[in-house]
Amino acid sequence: MEQESDLVTGEAVVLDVRAAKLASRGLAMMIDVALQLVTLVVAMLVLSQIAAFGDEALALTLFLVTLVLVMVGYPVIFETLSRGRTLGKMALGLRVVRTDGGPVRFRHALVRGLAGFFVDFWALGLLGVVAVITSLLSPNGRRVGDYLAGTLVIRERMPAARTPYVGMPPQLAYWASQLDLTRLPNDLALAVRQYLSRTSELRPEAAEALGYGLAQQVAGEIGAPVPPGVPSWAYLSAVLAERRRRDQEKLRPQYAQPVAPAVSPAVAQYAPPGQYAPQGEPVQSYGQAYPQSYPQAAAPAPVTPPQLETAPEPENPFAPPG
């Protein structure tokens, strides 16, 4: 799992960036090296034609110049013109930046290119062994050239942040509708929301301990303790869901139909059929409206609805969040 960098700017602002580690940087390096080798092969084919005419010194000089331009000039030119990206880094979504978050300039790219050729990879780098060891020992995956130039490789393509949806547990809907949530601080509500969005990423014991601490803080603010047998995450979900419902009620226009509050299943009753008859007017029998010669229709026998067997309730009605 990638960790956020702990870089701080000169204004004491923590940079919310993700440093590129060895795997992504190595793959980008392989793409760049493949392009460099193809360029060198094409240059050797052209220079071999020059050497065939007998001018071997000129061909050797041009080959050395081409080697320096390809191995050193390629990353320097691309990182300078594209603000920290080579073709391999473009394909992987990486970028070289300064340690304060600013874009790199020519001097940073030149130091990185020279250090990469002489120290990290080719001349003294044992084909990249020095760069691999340095990157593994660095908390942000930096190589020797990054330390000398004061740079860092970060990931530009990050997954979009998802806003977690906090649902209301059905068993706590009526209980939550009776709470006084006016004293719940916004920062505590934000901490609870972040906790609920990351419960699946935490270990069970850590999630339970953190949820219990947040539940106790919320209970102290709103004056409603956790009901017996209710998990901490369910208690926090009910409080936040009810808070969101009340905030949405305040934003509704005055002419909109109000949302009926949650009703406890224990007090919900069906009204008897007699209440639907008009008050103060006797119900006239159909037998009195017709002559006696007409036979009266017999009243239908009442139909008894079949009794459905109710399934037993599970021992733990709360399912942990996905």
Side-chain angles (χ1 to χ4, degrees), residues 1-41 66-162 198 201:
M1 179 179 177
E2 296 179 349
Q3 298 179 353
E4 295 183 358
S5 67
D6 53 354
L7 302 180
V8 182
T9 64
E11 292 78 13
V13 178
V14 180
L15 298 179
D16 185 12
V17 296
R18 291 186 181 274
K21 295 304 179 64
L22 180 61
S24 58
R25 295 190 61 177
L27 186 56
M29 182 66 184
M30 292 175 59
I31 296 175
D32 291 331
V33 170
L35 295 175
Q36 290 172 323
L37 291 179
V38 170
T39 305
L40 287 177
V41 170
T66 304
L67 179 64
V68 173
L69 289 177
V70 172
M71 305 306 296
V72 180
Y74 167 82
V76 172
I77 294 174
F78 269 92
E79 290 181 1
T80 302
L81 297 180
S82 62
R83 295 299 181 91
R85 294 190 301 174
T86 59
L87 295 179
K89 291 182 176 64
M90 291 180 187
L92 272 296
L94 308 181
R95 182 185 292 272
V96 181
V97 297
R98 302 198 306 260
T99 53
D100 60 354
V104 295
R105 302 185 182 277
F106 174 75
R107 63 177 182 275
H108 305 98
L110 181 60
V111 173
R112 294 186 79 257
L114 293 176
F117 181 80
F118 291 103
V119 180
D120 285 322
F121 300 109
W122 309 119
L124 303 176
L126 303 177
L127 299 179
V129 176
V130 175
V132 170
I133 295 176
T134 308
S135 180
L136 290 176
L137 296 178
S138 173
N140 293 322
R142 303 169 68 187
R143 60 180 177 89
V144 177
D146 291 319
Y147 282 104
L148 294 178
T151 57
L152 171 71
V153 180
I154 63 173
R155 298 186 63 91
E156 287 187 314
R157 300 173 187 172
M158 297 172 55
R162 297 179 299 176
R198 299 184 59 189
E201 304 176 3

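Here the structure is a predicted model, which is why all the values come from computation and not from measurement. We use all heavy atoms of the structure for the numbers below, so side chains are in, but hydrogens, waters and symmetry mates are not.
At distances below 3.5 Å, at least one donor-acceptor pair connects side-chain atoms of Arg95 with backbone N or O atoms of Arg83. No side-chain donor-acceptor contact under 3.5 Å links Arg155 to the backbone of Leu94. Between the side chain of Ser24 and the main chain of Lys21, a donor-acceptor pair closer than 3.5 Å is present. Side-chain N or O atoms of Asn140 include none that pairs as donor or acceptor with a backbone N or O of Ala19 at under 3.5 Å.
Atom OG1 of Thr134 and atom CG of Leu22 lie 10.5 Å apart (nearest 0.5 Å). The line from CG of Leu152 to CG of Asp100 is 10.5 Å long, rounded to the nearest 0.5 Å. How far CE of Met71 is from CZ of Phe121: 9.5 Å, rounded to the nearest 0.5 Å. Note that the NZ atom of Lys89 and the CZ atom of Phe78 stand 11.5 Å from one another [nearest 0.5 Å]. With rounding to the nearest 0.5 Å, the separation of CG in Leu81 from OG1 in Thr86 is 12.5 Å.
In terms of the salt bridge (charged side-chain N to carboxylate O under 4.0 Å, His left out) criterion, residue partners of Arg112 (sequence neighbours excluded) are, by chain and number, Glu79, Asp146. Scanning for salt bridge (charged side-chain N to carboxylate O under 4.0 Å, His left out) contacts around Asp120 gives Arg143, with sequence neighbours left out. With sequence neighbours excluded, no residue forms a side chain to side chain donor-acceptor pair (under 3.5 Å) with Ser135.
Nearest heavy atom pair, residue Leu35 against residue Tyr74, reads CD1-OH, 3.8 Å. Gly141 approaches Arg25 most closely through the heavy-atom pair O-NH1, 2.6 Å. Minimum interatomic distance between Ala115 and Leu148 (heavy atoms only, all atoms of both residues): CB-CD1, 4.1 Å. Between Val96 and Thr151, the shortest heavy-atom contact is CG1-CB, 3.8 Å.
Between Ile31 and Leu92, some side-chain heavy-atom pair lies under the 4.5 Å cut-off. Put simply, the side chain of Gln36 reaches to within 4.5 Å of the side chain of Pro75, judged on heavy atoms. By the 4.5 Å heavy-atom criterion applied to side chains, Leu124 and Val130 are not counted as neighbours.
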Pair Ser138-Tyr147, side-chain hydrogen bond (donor to acceptor under 3.5 Å, both in side chains): steps then yes or no: CA-CA 10 Å; Ser138 173; Tyr147 282 104; 3.0 Å; yes

